[in-house]
2 protein chains.
Amino acid sequence: MSTSHCKSSPTCEYCALSRNCTENINSTSAMQKVQVLTHKIYHKGDTLFCAGNAFNALYIMRSGSAKASTMTFEADEQIVDFYFPGDLLGTDGFAHKLHAHNVTFLETSSVCYISLNAVNALVAHSEVGRQQLLSTMSLNTLNQQQQLMNVHSMTSIQRLTRFLLDLSLKLAKRGLSSQQLTLSMTRIDIANYLGMAIETVSRLLTSMQQQGLIHVQRRQITLLNMPEMNKICLSDPFSQTAGEYDVMQHAMLRSATEYPLSGTNM
Amino acid sequence: MSTSHCKSSPTCEYCALSRNCTENINSTSAMQKVQVLTHKIYHKGDTLFCAGNAFNALYIMRSGSAKASTMTFEADEQIVDFYFPGDLLGTDGFAHKLHAHNVTFLETSSVCYISLNAVNALVAHSEVGRQQLLSTMSLNTLNQQQQLMNVHSMTSIQRLTRFLLDLSLKLAKRGLSSQQLTLSMTRIDIANYLGMAIETVSRLLTSMQQQGLIHVQRRQITLLNMPEMNKICLSDPFSQTAGEYDVMQHAMLRSATEYPLSGTNM
DNA sequence: CGACTGTTTGATGAAATTCAAGCACAGTGG
DNA sequence: CCACTGTGCTTGAATTTCATCAAACAGTCG
């Protein structure tokens with residue numbers, strides 16, 4: 001199989017997106033170009049790799065979605081990230097030459113492999129490839145820090161709202177509706193990821209629906225009032241001047257955080 | 001491989017550690033070898049770089065300590081990391097080609113510069129250098145995730161205890177006493193980093209002192225009962241079998257998390 | 001000395017968890 | 001077709017942790 005395996009279809013040559021693929025999704029384009037890609041299909045509940053597995057390759061999500069988690073010593077799960085088409089996976093393995101995460105698919109998904117040899121060659125010989133890998137890994141850390149900051153400084157309702165808006169943004173970047181979200185993860189996963197009880201997630205979703213901010217039908221969520229949702233995220237619980245800050249600027253910064261290289265690639 | 005650089009002098013030629021330099025501190029040795037290093041001294045409160053500054057170099061802490069922080073939209077600080085001798089700084093800049101953090105020194109400190117050109121050359125031409133940079137950056141992300149996990153699953157007392165034990169481990173790895181800690185950061189910094197109120201930090205330290213776990217004298221902390229402190233971190237707030245888990249295994253895992261390459265370098 | 005930052009301690013309150021119970025939906029098998 | 005079972009989700013009531021507010025104290029430095 002080669003890089004041309006998507007060419008003949010209406011889907012994007014490199015990242016299997018149906019449209020709106022004029023910019024790099026998570027900076028993986030150079031890798032995809034340089035490498036001979038092989039891909040494989042997984043189903044809901046399958047694991048791509050587990051903590052402790054040998055670190056042999058990096059992966060790129062082509063379609064579907066997945067979660068990465070670690071296990072605490074008490075053997076309970078902590079979800080650290082969700083992955084969507086175009087995302088690069090597996091860089092957790094560089095630290096110990098073993099994978100540190102479990103990656104589990106949330107639905108039927110397809111994934112490309114890039115062998116470590118290929119990654120090495122790319123990083124050694126391609127300036128762009130090097131930049132993209134380092135940029136993506138740096139960004140991973142920044143995103144985790146952002147997440148940490150959210151837990152420290154935002155209330156539950158703000159975190160959940162932020163989560164929905166982030167998801168909306170990600171899906172929009174991949175050519176899907178920014179208002180109609182189909183959650184591929186359970187409430188348990190969301191609660192785990194955001195560090196709250198499932199009951200809290202459930203209560204907050206109900207409350208948001210009652211306020212007319214969203215419409216909830218099982219895993220289908222419709223965002224009815226995104227400007228107001230943005231305000232909720234920005235409002236300092238302690239200050240009276242809720243929503244006074246520049247929402248557009250905030251949205252732009254968020255966007256820049258997820259797609260840092262768009263400026264350099266266009 | 002690179003462990004012989006401590007041989008000839010009482011102070012380490014490369015990382016300014018007085019002793020116990022038989023293993024790589026945070027995997028920066030290859031970088032230090034390849035480069036012609038220049039270093040500079042900073043004082044308490046000085047900044048190495050700020051968010052938005054041009055990304056021109058990476059840095060290695062030689063002595064002293066520093067904190068990295070980001071600013072929220074409400075303009076309050078969130079500390080994301082503390083740095084000690086041997087630590088690599090500045091990889092936050094890869095994401096946007098601008099620094100994302102503010103790095104501020106907590107005491108008089110010295111720092112080495114590695115220009116981006118030098119970093120590029122190293123990564124392109126040295127297999128070991130490449131591994132070390134990628135490993136360090138991967139580890140940064142894993143550590144942030146660990147931190148996130150701690151916030152989600154541990155109580156305040158557990159997080160603070162964990163913080164002290166981690167600090168102890170770091171200092172011990174750098175040849176200092178693992179029992180006698182001199183905090184270079186304020187209570188405010190600690191509270192900010194751990195996501196709690198200063199008052200909580202203060203109360204918990206007092207409480208731990210009353211239980212005979214530690215002795216507190218301003219910034220001087222003495223760890224009096226580290227095994228018990230480990231138990232506190234491990235005990236699930238909900239289970240009755242506190243401290244039943246394998247403390248040694250836990251300590252080893254923690255250690256492995258901070259020093260991933262020690263196994264590959266010895 | 002007084003102004004300052006950094007820290008401690010107490011009283012109160014709010015946010016979110018835990019415990020407990022029940023509902024909705026999908027798949028299975030009689 | 002309908003009970004039966006399991007998973008995922010919702011809702012209510014009581015509890016707990018921790019933050020906030022308020023005040024006072026301890027060292028430091030100009």
Side-chain angles (χ1 to χ4, degrees), chain A residues 44-45 67 74 76-79 104 106-107 150-163 181-210 214-221 232 235-240 242, chain B residues 43-45 67 74 76-79 104 106-107 150-161 163 182-210 214-221 232 235-240:
Chain A
K44 182 175 173 175
K67 63 176 177 181
E74 292 81 24
D76 35 37
E77 184 182 35
Q78 171 65 56
I79 296 172
T104 309
L106 300 172
E107 59 193 310
N150 290 348
V151 177
H152 288 170
S153 67
M154 294 167 90
T155 63
S156 293
I157 180 68
Q158 291 179 312
R159 292 214 299 285
L160 183 59
T161 304
R162 179 79 272 150
F163 175 77
L181 312 184
T182 301
L183 303 179
S184 54
M185 67 289 289
T186 66
R187 302 276 198 276
I188 298 178
D189 287 338
I190 297 173
N192 184 303
Y193 178 65
L194 295 177
M196 51 182 92
I198 357 171
E199 294 96 325
T200 306
V201 173
S202 188
R203 272 184 256 272
L204 292 176
L205 287 176
T206 304
S207 154
M208 289 170 79
Q209 173 158 248
Q210 284 167 354
I214 60 174
H215 180 253
V216 182
Q217 177 127 36
R218 302 179 44 66
R219 303 275 183 94
Q220 304 283 338
I221 309 253
I232 288 175
S235 65
D236 185 345
F238 317 125
S239 87
Q240 309 301 63
Chain B
H43 297 98
K44 182 175 174 177
K67 63 177 176 181
E74 292 81 25
D76 35 39
E77 183 181 36
Q78 170 64 57
I79 297 172
T104 308
L106 300 172
E107 59 192 311
N150 290 349
V151 176
H152 287 171
S153 67
M154 295 167 87
T155 63
S156 293
I157 179 67
Q158 290 178 313
R159 293 213 299 286
L160 183 59
T161 305
F163 175 77
T182 301
L183 303 179
S184 54
M185 66 290 288
T186 66
R187 303 275 198 275
I188 297 178
D189 287 338
I190 297 172
N192 184 303
Y193 178 65
L194 294 177
M196 50 182 93
I198 0 171
E199 294 96 326
T200 305
V201 172
S202 187
R203 271 184 255 272
L204 292 176
L205 286 176
T206 305
S207 154
M208 288 171 79
Q209 174 159 245
Q210 284 166 354
I214 61 175
H215 180 254
V216 183
Q217 176 124 34
R218 305 183 40 67
R219 302 277 183 93
Q220 303 283 338
I221 309 255
I232 288 175
S235 66
D236 184 346
F238 318 125
S239 86
Q240 307 302 63

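Sequence lines set the chain letters: A, B, ... in the order given, protein chains first and strands last, and positions in each chain run from 1.
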What is the distance from atom [atom1] of [X] to atom [atom2] of [Y], rounded to the nearest 0.5 Å?
X	Y	atom1	atom2	value
A/Leu194	A/Arg162	CG	CZ	11.5 Å
B/Ile232	B/Gln158	CD1	CD	8.5 Å
B/Glu77	A/Ser153	CD	OG	12.5 Å

Task: Nucleic acid footprint by protein, nucleotides 25-30 of chain D - heavy-atom cut-off 4.0 Å, B for base, S for sugar-phosphate alone - done: ------

Task: A/Met185 side chain reached by A/Lys67 side chain, heavy atoms, under 4.5 Å - done: no

TODO: Please tell me if the side chains of A/Asp189 and A/Leu106 come closer than 4.5 Å, counting only heavy atoms from C-beta onward.
DONE: yes

TODO: Taking all heavy atoms of B/Asn150 and all of B/Arg159, pick out the closest pair and write down the distance.
DONE: O-CD, 3.6 Å

Open item on the list: For a quick test of reading the model, state the closest non-hydrogen atom pair linking A/Ile214 to A/Val216 and the distance between them.
Closed with: CD1-CG2, 3.6 Å

Could you state the [atom1]-[atom2] distance from [X] to [N], rounded to the nearest angstrom?
X	N	atom1	atom2	result
A/Ile221	D/dC9	CD1	P	10 Å
B/Leu106	C/dG6	CG	C1'	15 Å
A/Gln158	C/dA16	CD	C1'	14 Å
B/Met154	D/dC18	CE	P	11 Å
A/Met208	D/dT10	CE	C1'	17 Å
A/His152	D/dC18	NE2	C1'	13 Å
B/Leu160	D/dT17	CG	C1'	15 Å
B/Leu205	C/dT9	CG	P	10 Å

Task: End-to-end axis angle, where each axis spans five pairs of the helix from C/dC1-D/dG30 to C/dG30-D/dC1, to 10° - done: 30°

Task: Within residues 183-200 of chain A, residues whose heavy atoms come under 4.0 Å of DNA chain D - done: A/Thr186, A/Arg187, A/Glu199

For residues 198-208 of chain A, which side-chain donor-acceptor pairs fall under 3.5 Å, sequence neighbours excluded?
unit_1   : atom_1 : unit_2   : atom_2 : d
A/Thr206 : OG1    : A/Ser202 : O      : 2.9
A/Ser207 : OG     : A/Gln211 : NE2    : 3.1

Open item on the list: For a quick test of reading the model: is some side-chain N or O of A/Arg219 closer than 4.0 Å to OP1 or OP2 of D/dC9?
Closed with: yes

Contact list (N/O, under 3.5 angstrom) for nucleotides 11-13 of chain C vs protein:
none

TODO: Apply ring-ring contact (aromatic ring centres under 6.0 Å, His included) to B/Phe163 and list each qualifying residue two or more places apart in sequence or on a separate chain.
DONE: B/Tyr193

Open item on the list: Let me spell it out: for each of A/Thr206 and B/Ser156, pick the nucleotide of DNA chain D with the closest heavy atom. Which residue's pick is nearer the 5' end?
Closed with: A/Thr206

TODO: Under the side-chain contact (heavy atoms from CB on, under 4.5 Å) rule, collect the residues that match up with B/Arg219, sequence neighbours excluded.
DONE: B/Leu183, B/Thr186

Task: Qualifying residues under side chain to side chain donor-acceptor pair (under 3.5 Å), relative to B/Gln209, sequence neighbours excluded - done: none

